[in-house]
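Here's the structure, in structure tokens; my notes come after.
Since the model is a prediction, treat every value here as computed from it, not as a measurement. Throughout, a chain's letter reflects where its sequence line sits, starting with A, and its residues are numbered from 1.
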Amino acid sequence: MSQISLTFPDGNSRNYDKGVTPAEVAESISKSLSKKAISAIVDGKHWDMQWPIAADSSIAINTLADDEAALELIRHDLAHIMARAVQEIWPDVKVTIGPVIDNGWYYDFDRAEPFTPEDLGAIEKKMKEIINKRDPVTTEIWERDRAVKYYEANNEPYKVELIEAIPGDEPLRMYWHGHWQDLCRGPHLQHTGQVPADAFKLMSVAGAYWRGDSDRAMLQRIYGVAFQNKEKLRAYLNMLEEAAKRDHRKLGREMDLFHMQEEAPGQIFWHPNGWRIYTTLQDYMRRQQTKGGYVEVNTPQVVDRKLWEASGHWDKYQEHMFIVEVDEEHAREKAVNALKPMNCPCHVQIFNQGLKSYRNLPLRMAEFGSCNRYEPSGALHGIMRVRGFTQDDAHIFCREDQIEDETRRFIDFLSEIYRDLGFEDFKVKFSDRPETRAGSDDVWDKSENALKAATTAAGCEFELNPGEGAFYGPKLEFVLTDAIGRDWQCGTLQVDFVLPERLDATYIGADGGKHRPVMLHRAVLGSFERFIGILIEEHAGKLPFWLAPRQVVVASIVSEADEYVHEVVDALTTAGVRAEADIRNEKINFKVREHSLGKVPVILAIGHREVEDRTVTVRRLGEKQTSVTSLTEIVSALAKEATPPDLL
RNA sequence: GCUGCUGUAGCUCAGAGGUAGAGCACUCCCUUGGUAAGGGAGAGGUCGAGAGUUCAAUUCUCUCCAGCAGCACCA
């Protein structure tokens with residue numbers, strides 16, 4: 001038999017028979033390694049201990065101590081073990097797929113009865129039994145026909161469908177965890193006992209469509225989390241608990257920022273504190289936009305369907321628009337209007353007033369555009385996904401050869417704003433053409449290439465998000481993350497050759513002829529509502545001083561101090577600081593506790609001493625330490641701190 | 001929209017087929033207290049909405065509404 005040479009991480013190499021498995025390699029090194037081994041990395045590829053190696057390769061043996069490999073295998077094997085447990089308890093349940101995800105795995109099942117929380121406990125118990133059995137994991141490659149027949153005989157239609165979707169030249173690999181069998185790419189552990197039995201937890205059940213298609217069967221998805229040991233699991237569960245405290249819905253109530261109620265689902269009642277954040281942010285954005293060369297406009301809320309038909313939105317989004325029908329005087333039919341779900345068609349109307357010259361381009365038209373969309377009920381989420389919201393929207397009308405410049409300019413613009421607002425890192429996704437779209441493939445080629453080139457030229461790294469573009473053009477998404485790690489699209493930049501065509505926007509070129517402008521749709525915050533939600537969660541309610549709705553509370557310790565408290569508040573207010581007096585008949589302990597919970601960044605305490613010396617005692621949120629400062633000093637210090645970053 | 005769960009006082013939650021309870025918050029009184037809850041009294045609810053079963057429903061059933069988790073959607 002021919003030999004191959006395997007190179008180990010330390011640089012040494014050894015010869016083995018061709019077709020040797022990592023299990024045999026480990027065995028040849030030491031008994032203990034072969035026991036501990038969970039998988040191998042062969043030429044950079046994650047390799048099952050049972051898979052034969054056919055050629056000279058590099059090889060590294062993984063154990064449970066190797067984070068990445070171990071976590072993937074633990075979670076992947078748990079998915080199989082869970083599916084086996086479920087089928088052992090309920091043999092009629094049909095299995096589908098069960099991939100590894102962040103922190104754990106899920107598996108989708110088809111079962112008539114819903115899984116209950118008690119069922120999860122029973123499944124977990126059964127899983128532990130399976131782990132304790134230390135059943136061997138084995139694998140084989142099967143012929144397609146055999147696999148299809150097998151699954152047909154076992155009444156597993158989903159598996160049959162999966163096989164049919166696998167390209168014909170790819171081998172079908174079967175895995176057994178003990179007697180239980182599943183179609184799977186692998187790799188897997190050597191036996192079920194390698195899974196830490198005390199470091200996983202089944203978290204929840206939820207519906208999920210088969211193959212992600214809402215026209216197909218709704219399956220039941222069980223989510224689990226798993227780690228290498230009990231401590232890491234506990235740390236993760238702890239982190240979740242802490243994250244729940246940062247939930248903007250909870251903090252919104254505690255900080256008295258806003259509320260929502262049944263009569264206006266998906267819409268926000270902003271309280272004074274919340275609205276102060278909103279307006280502060282809006283003032284900041286307005287200054288930035290002016291500096292960035294934008295002109296601000298405002299457009300109608302209720303617009304005739306004819307415009308939405310022309311733009312193409314009526315066709316695609318009618319179901320998701322608030323329709324307003326009006327009996328107009330002298331009209332035979334009702335007038336059908338829609339609340340604007342976005343601003344672009346209206347901006348084109350402004351562009352179209354009067355003739356535009358190439359000298360007008362690029363024309364950057366901004367609007368704090370109040371939009372309404374009838375979002376599906378299940379999509380609503382706090383103030384992050386709502387039916388009434390305001391975009392910091394703008395459309396840049398430009399020539400094709402200006403796309404690159406404008407893209408670069410926008411990425412700089414957005415980066416500076418995100419930095420000011422405390423977001424140093426953010427994800428960027430590039431979404432290309434979706435299945436249903438407007439515009440020819442030529443136009444799409446042009447748009448995608450232009451946007452991609454400009455983004456790369458701007459030195460901005462992105463991940464691909466295939467098929468997720470807007471119906472009229474590709475988009476760049478600037479993604480921020482909430483307290484528990486869910487992604488939210490905030491900023492965006494979209495190249496659009498379609499809408500100018502549909503709404504007949506033109507400009508006169510240097511050649512004296514009519515030309516089509518390109519439209520760049522762009523937003524930095526996305527919507528004020530979503531962005532404020534993210535901002536609250538990012539800072540756990542402790543907003544930067546300049547954004548804090550209540551910046552300072554001046555609290556009396558004795559009622560003799562009341563007059564001076566008001567003097568301090570007035571001095572701060574005059575200096576542009578948002579300050580309030582608290583002269584209630586309460587102890588200072590009580591006031592400190594209450595304003596700390598309300599996330600007020602600075603408390604100034606005033607007792608006899610301060611009145612006498614014309615000072616204040618300063619207590620910063622989260623600090624036990626206090627310090628005494630003169631009134632004049634604290635006013636100028638806090639006034640400086642209250643200055644928005646762009647005005648410093 | 002789909003699957004599942006939830007809906008009791010402003011908030012957090014307990015409760016039971018015979019028309020409701022706690023803590024905090026609120027109001028009043030006492031207390032003027034030096035950095036995360038001083039004491040006392042009082043007020044507060046068509047038990048999400050509608051229908052049905054029942055002598056009797058807030059409790060059981062159905063429909064609807066809203067919220068939560070996930071899926072789908074996100075111009």
Which whole number of Å gives the distance between the [atom1] atom of [N] and that of [M]?
N	M	atom1	result
G42(B)	U54(B)	P	43 Å
G52(B)	C71(B)	C1'	34 Å
G18(B)	A51(B)	C1'	22 Å
G4(B)	G40(B)	C1'	48 Å
A16(B)	U61(B)	P	15 Å
C13(B)	C29(B)	C1'	30 Å
G17(B)	C60(B)	C1'	8 Å

Does this structure show an ion pair linking [X] with [Y], if we count only N-O contacts that are shorter than 4.0 Å?
X	Y	result
Lys306(A)	Glu309(A)	no
Asp393(A)	Arg522(A)	no
Lys452(A)	Asp432(A)	no
Glu124(A)	Lys201(A)	no
Lys475(A)	Glu468(A)	no
Glu594(A)	Arg584(A)	yes
Arg216(A)	Glu161(A)	yes

Between the base of U32(B) and the side chain of Ser559(A), is there any donor-acceptor pair under 3.5 Å? yes
Tell me if the side-chain of Tyr209(A) makes a donor-acceptor pair with the base of G1(B), cut-off 3.5 Å, by modelled atom types. yes
Report yes if the side chains of Cys490(A) and Leu525(A) come closer than 4.5 Å at any heavy-atom pair, otherwise no. no
Would you say the side chain of Tyr158(A) lies within less than 4.5 Å of the side chain of Trp210(A), judging by non-hydrogen atoms? yes
Would you say [X] places a side-chain N or O within less than 4.0 Å of OP1 or OP2 belonging to [N]?
X	N	result
Lys475(A)	A75(B)	yes
Arg211(A)	A72(B)	no
Arg253(A)	U12(B)	yes
Arg249(A)	C68(B)	yes

Once salt bridge (charged side-chain N to carboxylate O under 4.0 Å, His left out) is applied, what residue pairs with a partner in residues 598-621 of chain A remain, sequence neighbours excluded? Glu567(A)-Arg614(A), Arg620(A)-Glu641(A)
Do any pairs count as a salt bridge (charged side-chain N to carboxylate O under 4.0 Å, His left out) and have a residue in residues 253-268 of chain A, sequence neighbours left out, and if so which ones? Lys250(A)-Glu254(A)
Once salt bridge (Lys or Arg N to Asp or Glu O under 4.0 Å) is applied, do any residues pair with [X], and if so which ones, sequence neighbours excluded?
X	result
Arg486(A)	Asp482(A)
Arg385(A)	Glu375(A)
Lys542(A)	none
Arg437(A)	Asp441(A)

Just call it for [X]: base, sugar-phosphate, or nothing, with non-hydrogen atoms closer than 4.0 Å on any strand.
X	result
Arg620(A)	nothing
His320(A)	base
His595(A)	nothing
Lys340(A)	nothing
Ala470(A)	sugar-phosphate
Tyr472(A)	sugar-phosphate
Pro341(A)	base
Val558(A)	base
Glu113(A)	nothing
Tyr106(A)	nothing

Just need the stems in RNA chain B: three or more back-to-back Watson-Crick or G-U pairs, each with both distances under 3.5 angstrom, sorted by first number. B:1-7 with B:65-71, B:10-13 with B:21-24, B:26-30 with B:38-42, B:48-52 with B:60-64
Checking ring pair (Phe, Tyr, Trp, His ring centres under 6.0 Å) against Phe462(A), which of Phe426(A), Phe430(A), Phe478(A) comes through? Phe430(A)
By nearest-nucleotide position on RNA chain B, the 5'-leaning member of Arg385(A) and Leu604(A) is Leu604(A)
Which sits closer to the 5' end of RNA chain B, Met260(A) or Ile606(A), going by the nucleotide each is nearest to? Ile606(A)
Give the nucleotide from the list [options] with an atom nearest to the side chain of [X].
X	options	answer
Thr617(A)	A72(B), A75(B), G34(B)	G34(B)
Arg373(A)	A75(B), C2(B), U35(B)	A75(B)
His381(A)	A75(B), A69(B), U35(B)	A69(B)

Any side-chain donor near an acceptor of the partner, Asn465(A) and Ser431(A), under 3.5 Å: yes
Polar contact flag, side-chain donor to acceptor under 3.5 angstrom, Lys427(A)-Thr481(A): no
Distances under 3.5 Å only, N/O to N/O: pair up the protein atoms with those of nucleotides 36-39 of chain B.
from   : atom 1 : to        : atom 2 : distance (Å)
A36(B) : OP2    : Arg619(A) : NH2    : 3.3
A36(B) : O4'    : Arg593(A) : N      : 3.4
A37(B) : N7     : Arg593(A) : NE     : 3.4
A37(B) : N7     : Arg593(A) : NH2    : 3.3
A37(B) : N6     : Arg593(A) : NH2    : 2.5
A37(B) : N1     : Arg593(A) : NH2    : 3.3

Verify the stacking flag for Phe471(A) against A75(B): centroid separation must be under 5.5 angstrom and the ring planes must differ by under 30 degrees. no
Short N/O separations, protein against nucleotides 62-66 of chain B, under 3.5 angstrom:
from   : atom 1 : to        : atom 2 : distance (Å)
C65(B) : O2'    : Glu262(A) : OE1    : 3.3

Sub-3.5 Å pairs of nitrogen or oxygen atoms, protein against nucleotides 41-47 of chain B:
none

Taking RNA chain B as the partner, which of residues 298-316 of chain A come within under 4.0 angstrom of it by heavy atom? His313(A)
Across all chains, not counting sequence neighbours, the ring-ring contact (aromatic ring centres under 6.0 Å, His included) partners of Trp90(A) are Phe115(A)
